[in-house]
Amino acid sequence: MRAPSIDITHVPAPLRPLMLAMARGAAEMAGVIRRGDRRMAAEMGVNSNGDGQKRLDLDADALFRDALRHAGLRWYASEELCDPVAIQDDGDWALAIDPLDGSSNIDTNVSIGTIFAVYPAGTDANASFLRPARELICGGYVIYGPRCSMVVSFGDGTQIYALNPDTDCFDLTEARLSLPDTSFEFAINASNYRHWPRPVRAYIDDCLAGTDGPRDKNFNMRWIGSLVAEAHRILMRGGIFLYPADDRPGYARGRLRMLYECAPIAFLIEQAGGRATDGALPILDARVTALHGRTPLVFGSADKVNRVAAYHDLPEAEVSALFGNRGLFRA
Ligand SMILES: O=P(O)(O)OC[C@H]1O[C@](O)(COP(=O)(O)O)[C@@H](O)[C@@H]1O
Ligand SMILES: [Mg+2]
Ligand SMILES: [Mg+2]
């Protein structure tokens with residue numbers, strides 16, 4: 001079999017070495033996951049975010065760092081590493097990566113993934129990463145599901161590639177994806193309901209009320225626990241995802257990290273015609289002041305994300321009043 005590769009026809013020339021290296025790493029990861037060694041889910045310690053690390057989190061980080069050694073990277077920043085790592089002194093790019101997204105699903109054979117964002121390298125690591133998210137030039141993820149796919153954008157639409165098991169090449173299957181707005185599915189970890197801010201509770205209450213409530217239609221709920229899998233479902237058939245801030249200790253800015261989770265997903269969603277906000281403001285207009293900084297995340301079909309923002313725009317007293325007058329929000 002040939003070395004793993006990707007169809008580079010739609011990849012901007014300066015980013016081709018990087019994308020070929022990402023494709024090699026992703027194909028190798030797909031093989032590791034397919035082989036399914038039970039030790040993949042072994043607990044290994046805690047990362048700088050305080051999240052538990054599984055063996056596959058660490059192996060994925062080492063695998064991608066190695067695959068990207070000669071790909072023109074100046075800086076490599078990973079969820080699993082406290083600080084960015086210098087790779088090539090003359091590299092042009094800074095890459096932020098969540099090497100393994102959905103760690104809690106490793107042992108359940110549910111889809112997991114890799115998420116990444118590329119910025120032009122700045123004068124140092126901070127200048128490279130702590131900047132407005134909209135300055136990224138490439139955002140993408142790999143989903144290790146029943147099919148292995150890579151979804152990527154270079155700022156001119158969202159593309160999908162599928163890993164061909166016969167050639168080990170990521171073939172282009174969709175050059176310009178358009179996010180449908182027909183779904184009535186929402187995704188949120190409802191076990192945290194009592195901790196959510198009022199606007200989020202009001203939005204979900206109205207979805208749950210279905211045809212008996214102000215929305216006057218029934219909704220369906222999905223929660224996989226892998227951000228890549230939720231993003232992929234929403235890109236394929238629409239809907240909305242919410243991971244809000246909540247009042248649990250450590251969740252004042254939600255759970256998901258800006259650089260290597262929220263920004264690349266927001267980029268892919270916007271490039272497919274959807275919207276991504278922190279509940280109110282676009283994710284891509286924000287910047288974090290620390291490498292592992294978090295942000296609340298709401299993304300999906302534009303009309304649904306706009307509706308969440310409308311709930312956030314209301315003063316607290318008016319959100320409360322809505323509980324008695326939901327007709328205001330009838331679609
Ligand atoms: O367990 P919770 O609070 O529902 O959080 C689930 C979220 O956490 C994550 O697993 C965080 O990502 P990691 O697995 O990379 O830490 C997301 O994929 C997922 O959306
Ligand atoms: Mg993650
Ligand atoms: Mg991770």
Side-chain angles (χ1 to χ4, degrees), residues 25-26 29 32-33 40-65 76-82 95-108 110-117 139-145 151 185-196 200 204 221-235 239-266 268-269 276 283 288 291-300:
M29 267 297 287
V32 170
I33 292 164
M40 289 192 309
E43 304 282 353
M44 302 298 284
V46 177
N47 66 17
S48 54
N49 293 308
D51 293 335
Q53 286 174 311
K54 306 262 171 75
R55 178 184 284 264
L56 192 59
D57 287 315
L58 299 178
D59 288 355
D61 177 62
L63 186 156
F64 277 106
R65 208 167 353 138
Y76 173 94
S78 164
E79 178 189 8
E80 305 307 336
L81 302 174
C82 199
L95 177 131
I97 189 167
D98 177 355
L100 198 280
D101 177 65
S103 308
S104 68
N105 282 322
I106 295 171
D107 53 355
T108 61
V110 165
S111 296
I112 50 183
T114 296
I115 315 175
F116 60 97
Y141 66 76
V142 184
I143 178 166
Y144 310 104
V151 181
E185 287 175 340
F186 64 91
I188 191 165
N189 185 340
S191 67
N192 299 319
Y193 180 92
R194 69 188 187 285
H195 300 292
W196 296 337
V200 174
I204 296 297
M221 199 192 84
R222 288 283 180 272
W223 185 251
I224 301 171
S226 296
L227 176 60
V228 281
E230 320 276 7
H232 202 67
R233 184 191 62 249
I234 288 171
L235 280 168
I240 185 167
F241 170 100
L242 305 95
Y243 208 119
D246 66 54
D247 66 12
R248 289 173 293 164
Y251 284 79
R253 298 287 301 155
R255 172 181 171 86
L256 300 169
R257 280 57 54 110
M258 174 63 130
L259 278 178
Y260 39 82
E261 294 182 312
C262 303
I265 297 292
L268 292 168
I269 293 285
I283 289 290
V288 277
L291 196 67
H292 300 284
R294 300 172 196 258
T295 174
L297 177 63
V298 176
F299 70 83

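Since this is a predicted model, take the numbers as computed values, not measurements. Each ligand, and each atom within it, is numbered from 1 in the order the structure gives.
Counting only protein N, O or S atoms, the number found under 2.8 Å from the Mg ion (ligand 3) is 3.
Taking a cut-off of under 4.0 Å to the non-hydrogen atoms of Leu100, the atoms of ligand 1 that pass are 15 (O). Ligand 1 places these atoms under 4.0 Å from at least one heavy atom of Asp98: 15 (O). The ligand atoms of ligand 1 that sit less than 4.0 angstrom from a heavy atom of Leu227 are 17 (C), 18 (O), 19 (C), 20 (O).
Counting protein heavy atoms only, atom 3 (O) of ligand 1 is closest to Tyr243 OH, 2.6 Å.
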Test side chain to side chain donor-acceptor pair (under 3.5 Å) on Tyr144 and Asp101 and set out the steps.
CA-CA 10 Å; Tyr144 310 104; Asp101 177 65; over 6 Å; no
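Residues meeting the ring pair (Phe, Tyr, Trp, His ring centres under 6.0 Å) test with Phe241, sequence neighbours left out: Trp223, Phe299. A search for ring pair (Phe, Tyr, Trp, His ring centres under 6.0 Å) contacts involving Phe186 returns nothing, not counting sequence neighbours. Considering only residues two or more places apart in sequence or on other chains, Arg233 meets the side-chain contact (heavy atoms from CB on, under 4.5 Å) condition with Glu185, Ala187, Arg222, Ile224, Glu230, Arg237.
Checked against a 3.5 angstrom limit, the closest N/O atoms of Asp51 and ligand 1 fall outside it. At least one N or O atom of Arg255 sits closer than 3.5 Å to an N or O atom of ligand 1.
The proximity of Ser226 to ligand 1, defined as any non-hydrogen pair under 4.0 Å, is limited to the backbone. Of the heavy atoms in Glu79, only side-chain atoms (C-beta onward) come closer than 4.0 Å to ligand 1. Residue contacts with ligand 1, taken as heavy atom pairs separated by less than 4.0 Å, do not involve Asp57 at all. Counting heavy atoms closer than 4.0 Å to ligand 1, residue Arg257 contributes side-chain atoms (C-beta onward) but none from N, CA, C or O. With a 4.0 Å cut-off on non-hydrogen atoms, Asn189 touches ligand 1 through its side chain and not its backbone.
Ring geometry for His292 against Tyr260 counts as perpendicular: the plane angle is over 60°, on a 0 to 90° scale with 30° as the lower cut.
The closest heavy-atom contact to atom 13 (P) of ligand 1, among the options Pro99, Ala229, Gly102, comes from Gly102.
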